[in-house]
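Encoded as structure tokens, the structure appears first; notes follow it.
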Amino acid sequence: MTGSEVFDIIVVGGGPVGLSTGWQAAAQGQRTLVLDRHGFFNERCGTSGAERHWRLQYTQEDLFRLTLETLPRWRRLESLAERTLIHEIGSLWFGDVDVETNEGQIAETMRVMDRLDVRYEALTARDIERRFGFANLPAHYAGFLQPDGGTLDVRGTLAAVYGLAQQEGCVLRGGERVLGLEPDADGVTVRTDRNEYRCAKVVLANGAEVNSLLAPLGCRIDIKLYEMALVTLRCRGHDVDFPFWFVFQQPTEEDTNLFYGFGRNPWSPSELVRLGPVFEVDPIDDADQTRGVPDPRHVARLSNWVGEHLPALDPAPAGASTCLAVLPGDPRRQFYLGLATGLVPDGHNIVLYSSGWGFKFVPLLGEVCVDLALTGQTQHDISRLAPTVPQEAAQ
Ligand code: BEZ
């Protein structure tokens, strides 16, 4: 095709996974272009806030093995970028150990840690109160501290993968919107609001916006969007310190009753800490519908829980915002990763990554997207993550 700029791989979406893919593709000598409609370092489509949970533990052994495989890749990224990205303040899961949630289940996760020989400390409700300052926990609550977990530095990671992509010669174009994809047997034509490109493979890493490019090709993958509350609270004293914590509780009639919080931010400490509910309720249709203003009921639920159980924090919000959670419609999948073969015509030329709490896998996800683009396969077990269409469309 005359007039088209040609690349080996075009990545749509310059968030953490798109940039990680761009970096690793370019490092393998691939002529690579990363496009981001909103510009790089934006906080749309899920990449909001300073921190993300780093954990090894998963209830599902295959996902657990993926975090273990991701850890050395984070270490390599830290070493190349010369900065710490994982801060091991610990990962504390506690609550009703038999409650099944989309994040997992405590009792089964402890059994998997035993099987995989991953260290942890089992804790009773009283231990958790004494060690971490929680209060009035139901006596049957229990859990564990996994000391290698903690927090990931979101902005540090973005800076690292952006810098490495640039260093490897990846072309990075922000503010350019992809309007359409035309896959064929030999590659993909990519039309944007400024250019037309030709490439062998496209990697879609544009999160919540993935269906806007798949729908014209006759497919929508099954994702759900939630605008979730993020709340900043003030510590009452200077000696307060927490690991990352997540409380598993029986759902209420209204919501999932799940809450989490970060400890003090180790790379930018202040008296403020960030917490949130994980309420998968009231899905929105489109990322453009986010308002940045949390549901006041969700903020009140979190504040009441803190008032009852975390005396070290002032429960009156010092700040509140939202994050966009893009989650698979099928909770057994956690996120989607695979080729679009069978979903759209000539889908073997399109790699799809979308949705889920995938930040902890950033270096691995970039590698897998490159593997799939170059060879159609990967050494990592991603079989559970194959993209699916909504059930009504599949019938
Ligand atoms: C996670 O570890 O995947 C997670 C942590 C907090 C909220 C949601 C997900």
Side-chain angles (χ1 to χ4, degrees), residues 16-17 45-60 62-64 66-68 70-71 74 85-95 99-106 108-109 112-113 118 120 143-154 157 207 223-232 242-249 251 255-263 265 273-281 283 294 298 301-302 305-306 321-328 331-337 353-362 364-365 384-385:
V17 175
C45 297
T47 309
S48 62
E51 312 106 335
R52 211 60 96 246
H53 182 201
W54 165 244
R55 59 167 151 136
L56 293 175
Q57 75 271 7
Y58 264 88
T59 308
Q60 303 84 350
D62 53 335
L63 295 174
F64 204 139
L66 286 183
T67 59
L68 296 173
T70 306
L71 181 57
W74 276 113
L85 299 171
I86 298 180
H87 295 262
E88 283 126 347
I89 60 172
S91 173
L92 171 67
W93 278 16
F94 68 96
V99 150
E100 301 264 4
T101 76
N102 289 350
E103 305 330 303
Q105 199 231 32
I106 293 173
E108 180 57 20
T109 302
V112 182
M113 286 193 286
V118 168
Y120 69 94
F144 60 83
L145 178 75
Q146 205 296 314
D148 305 303
T151 0
L152 291 163
D153 176 349
V154 173
T157 301
I223 57 175
K224 292 238 166 2
L225 311 187
Y226 302 95
E227 188 171 15
M228 288 188 187
L230 291 175
V231 179
T232 308
F242 298 108
F244 172 91
W245 58 269
F246 196 108
V247 62
F248 292 69
Q249 308 187 103
D255 57 55
T256 48
N257 205 15
L258 304 173
F259 302 99
Y260 67 92
F262 290 93
N265 180 316
V273 290
R274 202 154 64 89
L275 301 87
V278 187
F279 293 171
E280 290 168 29
V281 292
H298 297 182
R301 288 269 289 116
L302 178 89
W305 194 90
V306 168
S321 61
T322 62
C323 64
L324 179 65
V326 186
L327 300 178
R332 282 167 307 183
R333 281 192 148 69
Q334 266 73 29
F335 47 90
Y336 293 125
L337 181 61
Y353 162 72
S354 180
S355 69
W357 303 108
F359 197 92
K360 57 184 86 62
F361 296 105
V362 160
L364 182 91
L365 288 171
R384 93 163 42 235
L385 306 171

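Atoms within a ligand are numbered from 1 in the order they appear, just like the ligands themselves. Remember, predicted model here, so these are calculated numbers, not experimental data.
The ring pair (Phe, Tyr, Trp, His ring centres under 6.0 Å) test applied to Phe64 returns no partner, not counting sequence neighbours. With sequence neighbours left out, the side chain to side chain contact (heavy atoms under 4.5 Å, CB included) criterion links Ile86 to Trp54, Leu71, Trp74, Arg75, Glu78, Glu88, Leu152. Contacts of Asn257 classified as side chain to side chain contact (heavy atoms under 4.5 Å, CB included), with partners at least two apart in sequence or in another chain: Gln249, Thr252, Asp255, Phe259, Arg301.
For ligand 1, the 4.0 Å heavy-atom shell takes in His53, Arg55, Glu103, Phe244, Phe246, Tyr260, Val278, Trp357, Lys360, ordered by chain and residue number.
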Determine, stepwise, if the pair Tyr120 / Gln57 fulfils side-chain contact (heavy atoms from CB on, under 4.5 Å).
CA-CA 10 Å; Tyr120 69 94; Gln57 75 271 7; over 6 Å; no
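Each of Thr322, Val231, Val281 was compared with His298 under the side chain to side chain contact (heavy atoms under 4.5 Å, CB included) criterion, and only Val281 meets it.
Atoms CD and NE2, from Glu51 and His87 in turn, are 10.0 Å apart once rounded to the nearest 0.5 Å.
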